[in-house]
Amino acid sequence: MSSIYDFQTIEKKWQSYWDENKTFHAEIDHTRPKFYPLVEFPYPSGAGLHVGHPRSYTALDVVARKRRLEGYNVLYTMGWDAFGLPTENFAMKNHIHPEIVTRDNVARFKSQLKSLGLSFDWDREINTTDPGYYKWTQWIFLQLYKHGLAYKKEMNVNWCTGCKVVLANEEVVNGVCERCGAPVVHKEKSQWMLKITAYADRLIDGLDGLDYIERVATQQKNWIGRSHGAEVNFTTTTGDNLTVYTTRCDTLFGATYMVVSPEHALVGEWLEKGIIKNVDEVKAYQLEASRKSDMERTELNKNKTGVCLDGVKGINPVNNTEIPIFISDYVLASYGTGAIMAVPAHDTRDWEFAKKFGLPIVEVVQGNTPSNLDEAAFTDVATGTLVNSGFLNGLSVNDAKAKMIEWLEANGKGCDKVNFKLRDWVFSRQRYWGEPIPMVKCDKCGWQPIPESELPLTLPEITDFEPGEDGESPLARHTDWVNTTCPCCGGPAKRETDTMPQWAGSSWYFLRYMDPHNDEALASKEALEYWGPVDWYNGGMEHTTLHLLYSRFWHNFLYDIGVVPYSEPYKKRTSHGMILGLNPRSFQNLPAAEQKELVAKYGSEKEAQKALVEKYGEMAAHPVVKMSKSLGNVVNPDDIVRDYGADTMRTYEMFMGDFEQSAPWNTASIAGCKRFLDRVWKFQDNVVDGDSYRPELEVPFNQTIKKVSEDIETLKYNTAIAAMMGLLNKIDAVGSINRKEYRDLLIMLNPFAPHITEELFEMMGFGSPITSQSWVTYDPDKCTESTVEIAVQICGKVRAKLNVPVDISAEDAIALAKAEEKIAAAIAGKTIVKELYVKGKLVNIVAK
RNA sequence: GCGGGCGUGGUGGAAUGGCAGACACGUUGGUCUUAGGAACCAAUGCUUUCGCGUGCAGGUUCGAGUCCUGUCGCCCGCACCA
């Protein structure tokens with residue numbers, strides 16, 4: 001009899017074995033092809049590992065382990081993205097230094113990850129808060145500065161009222177802070193900026209050569225938001241130039257007014273010069289607009305507001321018509337020129353505004369059917385033809401655009417222009433726990449980079465991490481550190497006290513894994529050339545427009561300055577779905593007894609569910625929700641590993657559903673995966689000799705190996721495991737397993753359940769360790785049985801089943817089908833209209 | 001509003017245009033047990049009589065969960081980007 005499958009002992013045994021033997025340690029080896037899979041390194045939060053983390057880690061661990069068996073030299077690594085606000089907040093609250101908080105959290109995360117048997121090369125572990133690491137983060141910043149891509153600017157920033165820190169546009173979600181949920185307001189602050197906009201085109205065009213899943217590429221493109229249009233130079237009655245940006249220069253004849261953003265420079269100028277007559281009204285509107293938070297602006301976006309500037313008019317360059325100029329916050333200062341020409345007949349927003357302010361609506365584009373401009377703007381570009389537009393009359397929209405640009409350029413009234421939604425990256429944070437920005441300010445020389453030889457510029461040891469009330473970094477209070485000398489003139493100077501955002505360290509970490517201990521460079525040329533680029537990067541969708549875009553920007557830049565030998569960092573990007581929790585407040589998830597009780601009380605399930613929604617709120621209507629402490633549905637991976645083992649946990653996470661879709665965690669379902677592994681364990685009692693597949697298992701084995709091999713490559717881990725479960729059922733039907741079959745099964749299962757397969761491999765004397773074996777192969781000719789069961793349909797309805805040789809001819813198959821008793825009876829006396837045979841599937845007879 | 005995705009048993013989910021519900025969970029019955037929240041075996045979409053079934057209504061096809069049109073619902077992203 002087999003021993004008990006004591007997963008606790010076995011898993012510890014092999015984890016120590018791998019550690020001691022450095023089984024997964026990778027070194028440059030030019031005799032083997034390399035493979036570099038990457039998962040997003042975690043922020044080591046105080047809460048410990050979430051069950052969501054291992055979904056991604058296990059998925060690429062499966063790929064990494066398979067690749068090693070296939071002969072690749074695999075670099076699979078882990079590290080810590082450890083700078084960040086939660087740690088600093090925890091440190092403040094509990095009066096513990098962030099460094100200690102980080103150290104403790106990392107230790108916990110590391111032991112949790114180790115307990116899962118992930119095949120990381122722990123010798124390459126990195127930590128963004130390690131001065132040896134952030135020396136190079138700072139070094140990259142200096143290169144950006146030296147190439148004019150880092151600059152300091154007084155600007156309107158997103159200010160989180162909760163974190164008391166500046167946020168990047170990407171960090172503001174629905175007008176509130178992505179992290180803490182507090183309202184975000186605008187504030188003028190002097191900030192370090194990175195010129196990501198200089199790479200806008202590259203970041204779109206570079207996607208073409210990459211294997212990114214569609215939704216990631218689309219989201220990045222939309223975020224960068226490239227639009228082709230024209231700048232048109234309007235003039236004003238004051239003699240000023242007022243340039244607008246438009247994608248519809250074909251409609252220039254239909255411009256009946258102009259709108260500039262409340263912050264537009266000309267408005268200030270005109271106010272100063274006394275040109276504007278309704279000063280109070282204009283100033284009041286400006287003030288109101290500046291006070292609005294993003295949330296308020298969003299909420300109000302249906303109801304257009306604005307003020308007409310009294311005393312100045314715009315002049316349309318194409319027909320010299322004078323038109324009114326408004327200020328309105330529906331025009332953004334930060335996009336285009338901060339000014340637009342308004343064509344209410346053909347733009348929905350302009351139409352709304354014109355309706356509200358009673359402005360003329362002039363039709364210049366006509367569709368195939370007459371449009372009612374009292375009802376809505378006509379915006380169909382595809383079918384429109386120009387009217388009331390002088391030299392454009394009769395042209396299609398596209399032709400008119402081209403002709404108008406020609407005209408504008410010929411007359412010096414405008415030009416072609418490409419605009420982007422993407423804005424420069426606000427890079428300053430008024431916090432302690434981040435990389436110091438290696439810049440000093442000298443009264444004489446201005447901002448100066450510190451010499452590279454002085455890197456890393458380390459954080460000073462301080463104990464008070466509270467941000468200043470004025471929004472200054474806590475570092476600003478530490479004058480010993482702040483006061484320094486100017487690297488340029490040697491005179492007194494002050495250090496920058498803001499630190500870098502968390503996205504800094506994670507923008508290049510995958511390069512450091514290639515050569516983590518190098519003190520001369522961020523990584524050696526040899527390592528960068530051998531290991532790079534990342535072959536397969538898996539991570540969350542939430543990073544698509546943040547980390548993923550930022551790191552592509554940095555990497556393209558590093559390529560331009562000759563630091564890395566290729567421009568794009570990641571060849572392939574995939575994304576996993578979130579692991580959700582069951583909502584304990586939803587009717588569907590209540591214990592049966594409670595459900596009965598509620599139905600008795602309220603009459604029906606529907607009414608019971610309604611009552612729950614009334615009691616708990618809208619959320620009770622959703623049976624599957626995000627895990628949260630307040631609902632008490634958070635699952636701790638430690639508990640699962642303790643109760644079921646790491647192999648079961650891994651298998652379950654891969655089996656629970658489509659890897660790319662979100663899936664609810666259901667601890668009750670884990671039993672199935674545990675049983676699966678138990679059955680594999682028990683095969684040891686029923687092993688017979690044999691060094692080839694037995695006839696009845698030959699096809700199932702070949703089929704399963706094919707399925708598992710292919711599914712691992714296409715993220716279909718769930719069906720790969722299902723196929724192995726199906727194979728087990730077939731082996732059980734035979735009643736025993738032979739040594740060849742057992743051995744191949746274990747290799748196939750090894751990437752998913754590495755511990756149990758190592759143990760069985762050793763016990764069975766197949767040679768040890770399993771990690772030095774070769775991946776199983778299949779014979780394509782042996783993936784189908786020699787006879788198959790086909791369906792016989794009459795008019796598409798299945799009427800009988802038939803066993804036929806797999807290579808039977810269509811004629812023979814149809815003849816056999818017709819000879820079948822039920823079929824013969826069904827078609828008797830009818831005219832056969834059509835007969836067809838689909839190989840190995842079915843015969844369909846159409847009879848009337 | 002725009003862009004992307006998705007609606008399949010009690011549940012998670014399978015199905016190159018070809019026998020819908022693989023593989024699991026759960027449930028029911030059984031075996032073995034002092035016991036079972038263990039293990040194993042059997043049944044399990046609904047109805048059981050023809051039959052009906054992939055959100056709903058049409059269409060294409062010999063054949064549609066899959067393709068097309070419309071519609072309803074849910075999720076995600078963007079959100080006045082001119």
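All values below come from the heavy atoms of this structure, side chains included, with hydrogens, waters and symmetry mates left out. Letters A, B, ... mirror the listed sequences (proteins, then strands); counts begin at 1.
Nearest-nucleotide mapping onto RNA chain B: of Ala671(A) and Gly840(A), the residue sitting toward the 5' end is Gly840(A). In this structure, Tyr245(A) and Cys673(A) both approach RNA chain B, and ranking their closest nucleotides by distance from the 5' end singles out Cys673(A).
For the P atoms, the distance from C25(B) to G65(B) is 28 Å, rounded to whole Å. Going from the C1' atom of A22(B) to that of U54(B) covers 15 Å, rounded to whole Å.
Searching all strands for a Watson-Crick or G-U wobble partner of G18(B) with both distances below 3.5 Å returns C62(B). In this structure C2(B) sits in a base pair with G77(B), meeting the Watson-Crick or G-U test at under 3.5 Å. Base pairing analysis places A57(B) opposite U69(B); the two distances defining the Watson-Crick or G-U wobble pair are each below 3.5 Å.
For Phe353(A) and Tyr257(A), the ring centers are positioned less than 6.0 Å apart.
Counting any heavy atom pair closer than 4.0 Å across all strands shown, Val838(A) reaches a base atom. Looking at heavy-atom distances under 4.0 Å, Ser662(A) makes contact with sugar-phosphate atoms alone, never a base. Within the nucleic acid shown, Asp350(A) has no heavy atom closer than 4.0 Å to any nucleic acid atom. Note on Glu789(A): a base of the nucleic acid sits closer than 4.0 angstrom, heavy atoms only.
Ranking C62(B), A22(B), C74(B) by closeness to the Asn844(A) side chain, first place goes to C62(B). Distance from the side chain of Lys801(A) is smallest for C19(B) among the nucleotides A82(B), C19(B), G77(B).
Rounded to whole Å, atom C1' of A15(B) lies 15 Å from atom CG of Leu842(A).
Each of Val788(A), Val843(A), Thr787(A) was evaluated against Val804(A); a single residue qualifies, Val788(A), per the side chain to side chain contact (heavy atoms under 4.5 Å, CB included) test.
Under 4.0 angstrom from either OP1 or OP2 of A15(B) there lies at least one side-chain N or O belonging to Lys716(A). Proximity of Lys841(A) to the phosphate of G18(B): no side-chain N or O atom is located under 4.0 Å from OP1 or OP2. Contact annotation: Arg675(A) reaches the phosphate of G26(B) (side-chain N/O to OP1 or OP2, under 4.0 Å). Residue Asn222(A) places none of its side-chain N or O atoms closer than 4.0 Å to OP1 or OP2 of G77(B). Residue Tyr335(A) places at least one side-chain N or O closer than 4.0 Å to OP1 or OP2 of A82(B).
By the rule that a glycosidic angle within 90° of 0 means syn, G9(B) counts as syn.
Judged by atom type and distance alone, Lys421(A) does not reach the base of C78(B) through any side-chain donor-acceptor pair under 3.5 Å.
Heavy-atom contacts from other residues, nucleotides or ligands closer than 6.0 Å to NZ of Lys356(A) number more than 12.
A donor-acceptor pair shorter than 3.5 Å can be found between the side chains of Asn729(A) and Arg679(A).
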